[in-house]
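All heavy atoms count here, side chains included; hydrogens, waters and symmetry mates do not. We're numbering straight along the sequence, starting at 1.
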Amino acid sequence: MDVLTLSDFELLEELHATEQFTVFHATQPGSGRDVRVTVFDRGLSDIPQFRAAFRKDCGRLEHLHHDTVLQYLGHGEADGALFYFSEYPGGLTLTQRLERGQQFSWDEIADLGWQIASALQFAHNLGISHSGLTTDSVLVSDVVRVKVADFGVSRWIDSADDRLEKHTEADWLNSQAADLTAFGEILEALSGARDSSPDDSVDDDCSGATVQSEIHRLANDLKSPGGSRFPATAREVQGRLGNLLLSVAGESIRIVDHRAGQSYGKRSIVDELFDDAETLDIAPPRSGAPQPGASGGKESPGSSVAVVIAAIVIATIVITIILLTRQ
């Protein structure tokens, strides 16, 4: 496979820049696909430890396929500068949304948290830590759907400063714990914005106070790695938020048919886990139609057909045995 260079992309706009890298919105002229390209500083790209960590993680990121993770698509080099590219999801970073004064309801904060925890749990299962999770690396769509970006980037940069990639089991556990602590800081940023400037136009239902207290409790638990209440894994965090969302949803969890024009409302992503059941027929039975278990002891046509088929199969087996014994 040919090595990709920046000439394989048309850079449309700069999205974000630091001393170490710049992020662009770009297209691939051949396919017309929109992508997000992260280009690293040439001096940084020259450092052997950085190059080794970058190439090692790129091989692992190929397997990181998850709905809430920005999909890695490939990497390359241009004039000594390493870069990688991923899907382009649109939307804004959580930092941008908060800086613009966007308010999230408590239910939405729990929903956002559940999605981020899902991304961390999936990555941790594959042996990948984020190592630099902030509100800058969380992209949020207009319908409150998350894509977590930049897995591994901070670790590669740390490698350039001789803070080598983690190898021991203790260090790996510490990197997972660091991700969870960083996640707690994101919850604090979201809840802090909601607490400091309540917006009456943001609809919190009667469960808002319960969700608020649980979010604060979880954020506090995540502040103390090694503490008795510190979650052992991202799955535990995901479970706590999922249970919170389900308890809030209550009777609102229902089968939804998007083909009937269902529009996005205040439903969390956890509610949508139930949408796969939309093909079930839940219409009430017609008046006078036979009901299951109400046939008065008579066999249904389906059961009669099943009996006939079973009898034919048994007869076929018996005849085959008889013919074989005569040979």
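Linking Ile, Leu, Val, Met, Phe, Trp and Tyr whenever their side-chain heavy atoms come within less than 4.5 Å leaves Leu70 and Phe21 in two separate clusters. Cluster annotation: Phe183 is connected to Val144 through the hydrophobic network of ILVMFWY side chains, with a link wherever side-chain heavy atoms come within less than 4.5 Å.
With sequence neighbours excluded, the residues satisfying salt bridge (Lys or Arg N to Asp or Glu O under 4.0 Å) with Asp221 are Arg229, Arg240. With sequence neighbours left out, Tyr72 forms a side chain to side chain donor-acceptor pair (under 3.5 Å) with His75.
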- Query: Would Arg100 and Leu92 count as a side-chain contact (heavy atoms from CB on, under 4.5 Å) if you check the C-alpha gap in whole Å, the side-chain angles of each, and the deciding distance to 0.1 Å?
  - Reply: CA-CA 10 Å; Arg100 295 181 184 191; Leu92 300 172; 3.5 Å; yes
Steps toward side-chain contact (heavy atoms from CB on, under 4.5 Å) verdict (Leu73, Arg36):
CA-CA 10 Å; Leu73 298 174; Arg36 184 177 187 265; over 6 Å; no
Report task. Could you walk me through whether Leu218 and Asn220 pass side-chain contact (heavy atoms from CB on, under 4.5 Å), step by step? Result -> CA-CA 5 Å; Leu218 177 57; Asn220 285 331; over 6 Å; no
Stepwise side-chain contact (heavy atoms from CB on, under 4.5 Å) test for Phe24 and Leu15
CA-CA 5 Å; Phe24 297 95; Leu15 300 175; 5.8 Å; no
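Side-chain contact between Glu87 and Arg33: absent, with no pair of heavy atoms (C-beta onward) separated by less than 4.5 Å. Contact of the Ser191 side chain with the Gln212 side chain is not registered, since no non-hydrogen atoms from C-beta on lie closer than 4.5 Å.
Summarising the geometry of Ser131 relative to Ser154, their closest heavy-atom pair is O-CB, 3.1 Å, with the distance given to 0.1 Å. Closest approach of Leu180 to Leu222, counting heavy atoms only: O-CD2, 3.7 Å.
In summary, the aromatic rings of Phe9 and Phe85 are positioned with their centroids under 6.0 Å apart.
Residues in residues 10-19 take part in these side-chain hydrogen bond (donor to acceptor under 3.5 Å, both in side chains) pairs, two or more places apart or across chains: Thr18-Gln20.
Distance CH2/Trp156 to CG/Leu44: 10.5 Å, rounded to 0.5 Å.
Of the possible polar contacts, one joining the Arg51 side chain to the Ser45 backbone as a donor-acceptor pair under 3.5 Å is found.
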